[in-house]
Amino acid sequence: MRIGELARRTGITERALRYYEEQGLLRPERRPSGYRVYGDADVAAVRRIRILLAAGLSTAQITQVLPCMLDDDGLLAPLCPELVSALVEHRAKIDEAIDELAATRANLDVIISAEARPT
DNA sequence: ATTCTAACA
DNA sequence: TGTTAGTA
């Protein structure tokens, strides 16, 4: 199938699909015309990519992580133990980000509650 | 009608 | 990422 059909079947824009290829996440074949040709397996591949992106992984990390992931019809499970620890570390990063945002929100609250009263 | 690359009021 | 221009 060409990019248009893959886009329809995955709900991902053609733009994003081409971007995934640039990042090495997909390696579609090329017709002599230059058109990309994807296989049925790519539909599942895109879903896996979306799951990993939604988990906050960068495209570079996804490229390395995908090879040691088990895809039990939609449910991704980390195989390599190194990957598990890497994901746990990623989770810690998220916790840090949450803390920083909470601090930022607290600073904003101080400003909001200090609203000037009419004189 | 579709897809491709490259580029950005 | 959207979008658009100019092609094949």
Side-chain angles (χ1 to χ4, degrees):
Chain A
M1 75 186 95
R2 290 175 312 191
I3 197 169
E5 185 179 341
L6 182 62
R8 283 187 294 88
R9 291 172 59 175
T10 61
I12 301 304
T13 64
E14 297 180 10
R15 178 74 166 78
L17 256 17
R18 296 191 183 101
Y19 177 68
Y20 294 164
E21 181 182 9
E22 276 183 23
Q23 301 306 300
L25 272 39
L26 294 176
R27 341 266 325 181
E29 295 174 19
R30 293 288 188 134
R31 315 199 69 171
S33 60
Y35 287 12
R36 276 165 263 250
V37 177
Y38 301 88
D40 295 318
D42 290 316
V43 175
V46 171
R47 289 179 180 146
R48 268 176 277 142
I49 292 171
R50 293 305 292 189
I51 291 174
L52 266 8
L53 285 175
L57 298 185
S58 67
T59 54
Q61 295 176 305
I62 293 176
T63 302
Q64 304 180 309
V65 159
L66 274 177
C68 24
M69 293 280 276
L70 172 63
D71 187 340
D72 193 45
D73 49 59
L75 184 60
L76 296 184
L79 292 176
C80 323
E82 327 99 80
L83 175 56
V84 178
S85 57
L87 295 179
V88 171
E89 288 180 38
H90 177 244
R91 188 185 195 291
K93 295 289 187 183
I94 294 177
D95 283 339
E96 288 178 36
I98 289 176
D99 291 341
E100 290 177 10
L101 281 174
T104 298
R105 181 180 57 188
N107 289 331
L108 180 58
D109 285 341
V110 170
I111 297 174
I112 291 175
S113 52
E115 183 169 346
R117 67 181 201 195
T119 56

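Both backbone and side-chain heavy atoms feed into the values below; hydrogens, waters and symmetry mates do not. Numbered from 1 within each chain, the chains take letters A, B, ... in sequence-line order.
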* Would you sort out whether A:E14 and A:R18 count as a side-chain contact (heavy atoms from CB on, under 4.5 Å), showing the intermediate values? => CA-CA 6 Å; A:E14 297 180 10; A:R18 296 191 183 101; 3.3 Å; yes

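For A:R30, the CZ atom is densely surrounded, since the number of other residues' heavy atoms within 6.0 Å is greater than 12.
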Donor-acceptor pairs are to be reported for all side-chain atoms of residues 76-85 of chain A against protein atoms at under 3.5 Å, with residues two or more places apart or in another chain.
from  : atom 1 : to    : atom 2 : distance (Å)
A:S85 : OG     : A:E82 : O      : 2.7

* Under a 3.5 Å cutoff on both atom distances, Watson-Crick or G-U, what's the dot-bracket for DNA chain C ([ ] crossing, | other strand)? -> .|||||.|

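Rounded to the nearest 0.5 Å, atoms CG (A:L66) and CG (A:L25) are 6.5 Å apart. One distance of note links CZ of A:R117 with OG1 of A:T119; it measures 8.5 Å at 0.5 Å rounding.
Residues meeting the salt bridge (charged side-chain N to carboxylate O under 4.0 Å, His left out) test with A:D109, sequence neighbours left out: none. Qualifying side-chain hydrogen bond (donor to acceptor under 3.5 Å, both in side chains) partners for A:R9, counting only residues two or more places apart in sequence or in other chains: A:E5.
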Polar atom pairs between nucleotides 3-5 of chain B and protein, under 3.5 Å, N or O only, would you list them?
from  : atom 1 : to    : atom 2 : distance (Å)
B:dT3 : OP1    : A:G4  : N      : 2.9
B:dT3 : OP2    : A:E14 : OE2    : 3.2
B:dC4 : OP1    : A:R36 : N      : 2.9
B:dC4 : OP1    : A:R36 : NE     : 2.9
B:dC4 : OP2    : A:R18 : NE     : 3.1
B:dC4 : OP2    : A:R18 : NH2    : 2.7
B:dT5 : OP1    : A:R30 : NH1    : 3.0
B:dT5 : OP1    : A:R30 : NH2    : 3.1
B:dT5 : OP2    : A:R36 : NH2    : 2.2

Identify all pairs in which a protein N or O lies below 3.5 Å from an N or O of nucleotides 1-4 of chain C, and state each distance.
from  : atom 1 : to    : atom 2 : distance (Å)
C:dT1 : OP2    : A:R50 : NH1    : 3.4
C:dG2 : OP2    : A:T13 : OG1    : 3.3
C:dG2 : N7     : A:R15 : NE     : 3.3
C:dG2 : O6     : A:R15 : NH2    : 3.0
C:dT3 : O4     : A:R15 : NE     : 2.9

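Checking A:I62, A:T63, A:L53 one by one against A:Y20, the side chain to side chain contact (heavy atoms under 4.5 Å, CB included) holds for a single residue, A:L53.
Put simply, the side chain of A:L87 reaches to within 4.5 Å of the side chain of A:L57, judged on heavy atoms. A:R36 has its side chain within reach of A:E21: a pair of non-hydrogen atoms, C-beta onward, lies under 4.5 Å apart.
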